[in-house]
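Structure record follows, encoded as structure tokens.
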Amino acid sequence: MNGSLDVDTVTGVVSDTFTPLAAHLDARTARLAVVGLGFVGTPVACTLAGAGYTVVGVDVVADKVDAINAGQVPFEGEEPGLPELLARVVAEERLVATTDPEALRLCDAILVAVDTPVDAVTHQPVYRALEGALAAIGPRLRPGTIVVIESTLAPGTMDRVVAPALERTSGLQIGRDVLLVHCPERVMPGRLLANLSSMSRVVGGTTPEAADVALRLYRHVVTAPGATLDASDALTAEIVKTGENAYRDVQIAFANEMALVCEAAGADVWRVRDLINKSPGRHMLLPGAGVGGHCIPKDPWLLISGMTARLIPAARAVNDGMPAHMADLAADGLAEHGLRLRGSRIAVLGMSYLEDTEDDRNSPSTALVAALAGRGADVTAHDPWVPAYRDRTVDDVVDGVDAVVLMVAHTAYRGLDWAAIAGRVRTAVLVDGRHAVDAGMAARCGWTVRAVGIGPARAPLAHRGDEHPG
Ligand SMILES: NC(=O)c1ccc[n+]([C@@H]2O[C@H](COP(=O)([O-])OP(=O)(O)OC[C@H]3O[C@@H](n4cnc5c(N)ncnc54)[C@H](O)[C@@H]3O)[C@@H](O)[C@H]2O)c1
């Protein structure tokens with residue numbers, strides 16, 4: 001089903017209660033709310049406003065609300081098109097933000113995009129924000145409206161948490177008086193807007209009618225040719241979303257385990273990966289210094305919450321072990337100079353979880369800094385995006401250190417002059433966690449190089465690799 005198809009071809013019969021809602025969604029005259037104005041809610045609100053709807057954004061954080069009403073994106077990072085779109089829809093008064101949930105009373109469709117983390121120790125879902133949002137929505141819900149949960153949920157949450165909370169606080173019955181849908185987001189920071197229009201979406205209704213009516217909204221969002229809107233039940237949508245991220249985590253864990261194999265054997269995982277991927281059906285992902293962000297480290301836990309699983313926790317352990325492995329690589333490089341981590345000064349480059357974003361949630365770099373400090377190192381850190389680390393320059397941070405650990409392949413780090421940096425450090429040990437530095441070049445500049453996936457003896461040859469026609 002293509003988002004641009006005629007609505008008559010994508011929807012079924014709508015009952016009398018929801019006919020006005022369906023008509024307003026079709027005509028873009030519906031009043032919409034987006035609850036939660038973070039990395040997801042902000043571009044969603046802007047996209048809907050840009051599509052012609054009138055949108056109110058609701059958040060509990062006044063600073064975010066103020067930023068949006070001032071026409072500014074409430075978070076840092078390169079997001080092509082988002083600053084311009086946000087400024088435009090706010091100026092046109094199509095989007096207004098507020099901390100006052102009373103605004104929800106006027107809305108025909110309420111989308112929820114609050115954070116749904118897991119507990120750091122138990123790995124069980126923490127639904128504080130979700131429950132807060134539901135408590136704000138329920139008493140203000142009108143018959144004939146629709147609620148869409150875009151946040152990522154553990155399987156069964158719509159049934160066990162969301163629907164009962166809304167029915168209890170509204171006095172309305174889901175399916176009869178109000179429609180309820182789970183339409184999980186698939187966006188990635190760095191391409192939020194483009195993802196919203198171009199990625200296929202699962203529209204999981206708690207009733208078939210709920211999915212049908214939600215399609216009338218989402219066909220104005222998912223507009224790129226080839227992108228599909230796939231109606232399903234809510235449980236399927238919950239499992240698809242958490243499952244796709246668990247799949248990625250397991251795949252990355254495989255790549256990381258291959259990196260550890262290659263290091264131990266003295267081989268080059270990048271050459272190995274290239275050649276593995278020439279075998280049909282093999283798509284080995286990139287190994288690296290760890291997995292972070294809001295989604296991949298926690299969605300696998302959401303998927304298996306309340307049950308016993310073996311593969312997914314093992315993958316989590318491999319990926320969560322990579323920052324400590326980076327500390328081991330630093331220790332190994334220092335040992336070549338007769339140094340130990342204890343008492344050494346280490347510069348960490350990159351504190352976000354992904355290149356060119358300020359998003360540092362679950363960042364492997366945070367785990368690395370803790371691991372290094374725990375082993376007695378004196379750690380400094382730089383990041384061109386993350387506010388707490390961007391005031392100082394790379395030169396300031398590397399001055400007089402014993403090792404530099406590159407954790408994020410920010411564009412700003414791609415052009416670093418490693419010969420010049422070698423002149424600023426006390427000991428030239430470089431640990432590359434992202435295959436971002438030409439190891440041969442660095443070795444020629446005097447660096448002792450350690451890199452994820454490359455056995456020490458092979459480091460200077462990391463970029464060789466002869467290719468002959470098959
Ligand atoms: N960040 C991503 O790349 C991404 C991608 C796909 C899916 N998701 C999912 O989308 C959801 C939101 O993620 P995010 O990255 O936007 O989170 P976020 O932390 O950036 O934003 C959540 C927002 O919700 C607000 N909030 C919390 N409680 C609230 C309440 N009771 N009422 C109103 N606002 C409230 C917070 O203040 C915050 O601004 C999560 O479930 C996440 O797993 C995120």
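First listed ligand is number 1; within each ligand, the first listed atom is number 1.
Remark: Arg375 pairs with Asp328 by the salt bridge (Lys or Arg N to Asp or Glu O under 4.0 Å) rule, at least two apart or across chains. Scanning for ring pair (Phe, Tyr, Trp, His ring centres under 6.0 Å) contacts around Tyr413 gives His382, His410, with sequence neighbours left out.
Within 4.0 Å of ligand 1, the residues that place a heavy atom are Val35, Gly36, Leu37, Gly38, Phe39, Val40, Val58, Asp59, Val60, Val61, Lys64, Ala113, Val114, Asp115, Thr116, Ala129, Gly132, Ala133, Ser151, Thr152, Glu185, Val187, Pro189, Lys241, His294, Cys295, Lys298, Arg361, listed by chain and number.
No more than 12 heavy atoms of other residues, nucleotides or ligands shown are found within 6.0 angstrom of CZ on Arg248. By the 6.0 Å contact criterion, CZ on Arg392 is enclosed, its count of non-hydrogen atoms from other residues, nucleotides or ligands being greater than 12.
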- Message: side-chain contact (heavy atoms from CB on, under 4.5 Å) for Arg140 and Ile110? Distances and angles first, verdict last.
- Response: CA-CA 11 Å; Arg140 298 171 175 96; Ile110 300 173; over 6 Å; no
Can you give each donor-acceptor pair under 3.5 Å made by side-chain atoms of residues 176-188, sequence neighbours left out, with the distance rounded to 0.1 Å?
from   : atom 1 : to     : atom 2 : distance (Å)
Arg176 : NH1    : Gln173 : OE1    : 3.3
Asp177 : OD2    : Gln173 : N      : 2.6
His182 : ND1    : Ile149 : O      : 2.9
Glu185 : OE1    : Arg201 : NH1    : 3.4
Glu185 : OE2    : Arg201 : NH1    : 3.1
Glu185 : OE2    : Arg201 : NH2    : 3.3
Arg186 : NE     : Glu244 : OE1    : 3.2
Arg186 : NE     : Glu244 : OE2    : 3.0
Arg186 : NH1    : Ser200 : O      : 2.6
Arg186 : NH2    : Glu244 : OE1    : 2.9

